[in-house]
There are 2 protein chains.
Amino acid sequence: MKAQQPAVSITTQNSGNRARHKQQREQLLLQLAQQILQQEGFAGLTMDRLTAASEVSKGTIYNHFCSKEDLITALSVDSLERQLLLFQQALSVSGHSRERALALHYAYFLFSTTEPTLFLCLLSAATPAVVEKSSASRLAQRQALEQQLLEFCQQVIRQALAENAISLQDGCSIEELTYLQWAQAFGANALYRPAQQMGFFQGLAQQQLVLAGVNLMLDGLGWRPLSADFDYQSCWQRIALALQQQTPQAQS
Amino acid sequence: MKAQQPAVSITTQNSGNRARHKQQREQLLLQLAQQILQQEGFAGLTMDRLTAASEVSKGTIYNHFCSKEDLITALSVDSLERQLLLFQQALSVSGHSRERALALHYAYFLFSTTEPTLFLCLLSAATPAVVEKSSASRLAQRQALEQQLLEFCQQVIRQALAENAISLQDGCSIEELTYLQWAQAFGANALYRPAQQMGFFQGLAQQQLVLAGVNLMLDGLGWRPLSADFDYQSCWQRIALALQQQTPQAQS
DNA sequence: GACTATTATGACGATTCGTCAATTTACTCG
DNA sequence: CGAGTAAATTGACGAATCGTCATAATAGTC
C-alpha cells in the first residue's frame, strides 16, 4: 500500500532537474499531508508525523514549508489549482451565458463535495492564525490563483453582457456581481455540513440548495432566460454528467 | 490601564452564589482572551498568556475550558449571544416583512464589522481542528444559539407569508429560504476583507455589497415590494441609525 | 472551632515546533 | 577520474506550549 517509491531517476545531472525534482517531492509531501488529514483529522497533522510518513527528514520538510501553517496554505494553493482545472472544464460546456454561469457554480459545488478535506483547508487557510505564520510567497500564490478564478467568473458575466442577457443599470459593476455570486456559492457550500449536523433541514440535498440559491440570485438580477422560462434543473444534470466523466484522472 | 479588579464582593456565603461567581469569572476570562486576540493576534493567544493576564492560575482556567480550542469555541458562543441581542433589536424596528428581513441582514453586517475579532472566532470555531478538541457541552451551546438565530429568520419569513408578500411555490421550504439567506450573508461578510486585500474592488463599501446581495436575492424570490418599487437604500440607513444608537452599552 | 468537600495552585511531564552544526550528496573542473 | 566546492539533508536539541495532578488553600457545615 505504499505508493511512494522515489521512482524518479535521480540521475539529475544538470541543475534544471533540481527544481523539478524538488517540486515533485513537494507535491508528494502535500499528498501525504492530505492523507494524514483525512485519516487523523486536523489535530493529528503534525510535522513529525509527516516526517515519519515521508522518506525525508524534518529539516528537509522545513525546507519546503517554513511552518506548519505554511503547509496548510500550501494545501490551499493545491486546492485552488484543482478548482481552476474544474473551472476550465466547466467553461468548456456549451450553452448560453447563464448555463455557463451555472456550470461554474456546479464546478465549485463538485469540488466542495468530492474534496471536503481540501475545501476545509481553504477555510482554515483563511483563518488569521494560519495567515499570520505563512510565508509571503505562498500567500501571494494563493492570491494569484484566486484572482484567476474570479477572472473566469468575470468572463461569463462579460459574455452575458455581450449576449444582452443582462443589463447592468444603477452602477452595478462586474466586480460587484462576481463578488456576490462568489459569496453565495461559498456560503451555501461551506455552511451545508454544519447546518445539516444541527438538523436544520432533513431531506434537502446540497445540490438542490446550491441550485436554488443560484437561480434566486440570477433571477433577481434578471439574467435571461429566467428560471421560469428555462429548465435549469436538467441543465444542472447535464453539466453534472459532463464534468463527472472527466474527473477520473491523474492520481499517481 | 488595568480594568480588572475583582470588584465583585466575593462574600458568597450560600452555595447559590458559587455558580454565579464562576460564571462571572468565565465572562471576565473571555473578555481578557478577546483582548489578547486583538492585541497579539491568534498566534499570540496562549493559555500561559491568558493565565498571566488573569488573576487565577492555569489549573483554574482549565477548570473552565478543557482545552485551548474549547476557549475558542467559548468565544464563539459569546459572539452568538451578542448576535442574538442585535437580532432582537433589529426585529424591534417597524416596517413590512422585507424591511425586517433587511434589518436582520444589517444586524449581521453590523456585528461582522464592529466585532471583527469575534466574527473571525466564529470562523475559526467552525474549523475541524477546533471542533475536534472542544467539549461536547460547549458545542451543544453553540448549536442551540445558532438554532435560535435561525428561528428569528424563519419568523420574518412566516410574517412575509402572512402578509402575502411572497409565495412559496415549487417545494421551496421556509428552511431552504432561511438557509440561502444565511449563506448569502455569511459569504458576503466573511469574504469582504480577503477580497479587498487582494484589491478586487476599490471603492465598494461592504455595506453596499451586502445590501445589493440581499436585494438581488429577495427580488429573485419576488418578495414584495421589489427593490424597484421601494427605496431600500434609505430603509437601510434608517435601520442603521436605529441600531447604532442602541449599541453603546455594557462594557465593564 | 474542628472537620469535610470543593476549588485553586503552579511545578512538572509530554508534545510539538522549528533550528543548526555536522554530514552527505550533487555538481564542476583540472 | 578524482579532488574541491556548493548545496542539500539529517536528526539531535532547545524552546515553547499544552494539559495534569499532588498539594495547599478556601468555603461551608455542625
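Just so it is clear: chains get the letters A, B, ... in the order the sequence lines come, proteins before strands, and each one is counted from 1.
There is no side-chain donor-acceptor pair under 3.5 Å between A:His105 and A:Gln184. Using modelled atom types, one finds a donor on one side chain and an acceptor on the other under 3.5 Å when comparing A:Asp78 with A:Gln27.
Here the C1' atom of nucleotide D:dC18 and the CG atom of B:Leu50 are 13 Å apart, to the nearest Å. As a whole-Å value, the separation of B:Met47 CE from C:dT16 P is 17 Å. Rounded to an integer number of Å, the gap from B:Lys133 NZ to D:dT17 P is 15 Å. Rounded to a whole Å, the CD1 atom of A:Ile61 is 16 Å from the C1' atom of D:dA12. The separation between A:Asp48 atom CG and C:dT16 atom C1' is 6 Å, rounded to whole Å.
Counting heavy atoms from C-beta on, the side chains of A:Gln88 and A:Phe152 come closer than 4.5 Å.
A donor-acceptor pair under 3.5 Å links the side-chain atoms of A:Arg49 to the main chain of A:Gly44, judged by distance alone. Remark: the backbone N or O of A:Leu149 is not paired with any side-chain donor or acceptor of A:Gln83 at under 3.5 angstrom. With A:Gln34 contributing its side chain and A:Leu118 its backbone, the two residues share no donor-acceptor pair below 3.5 Å.
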Protein-nucleotides 7-13 of chain C N/O pairs under 3.5 Å:
| unit_1 | atom_1 | unit_2 | atom_2 | d |
| --- | --- | --- | --- | --- |
| C:dA8 | OP1 | B:Arg25 | NH1 | 2.8 |
| C:dA8 | OP1 | B:Arg25 | NH2 | 2.3 |
| C:dT9 | OP2 | B:Ser57 | N | 2.7 |
| C:dT9 | OP2 | B:Ser57 | OG | 3.0 |
| C:dT9 | OP2 | B:Thr60 | OG1 | 2.8 |
| C:dT9 | O5' | B:Ser57 | OG | 3.3 |

Mind listing the N/O atom pairs, protein and nucleotides 22-25 of chain C, below 3.5 Å?
none

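Heavy-atom minimum distance, B:Ser112 versus B:Asn189: OG-OD1, 3.4 Å.
A:Glu26 and A:Arg138 are joined by a salt bridge, as a carboxylate oxygen and a charged side-chain nitrogen come within less than 4.0 angstrom of each other. Under the 4.0 Å criterion applied to side-chain N and carboxylate O atoms, B:Lys58 and B:Asp48 are assigned as salt-bridge partners.
The aromatic rings of A:Tyr192 and B:Tyr179 lie perpendicular to each other, with more than 60° between the two planes, well past the 30° mark.
In this structure, A:Leu37 CG and A:Leu120 CG are separated by 8.5 Å, a value rounded to the nearest 0.5 Å.
The stretch residues 67-76 of chain B touches DNA chain D through B:Ser67, B:Lys68, each having a heavy atom under 4.0 angstrom from the strand.
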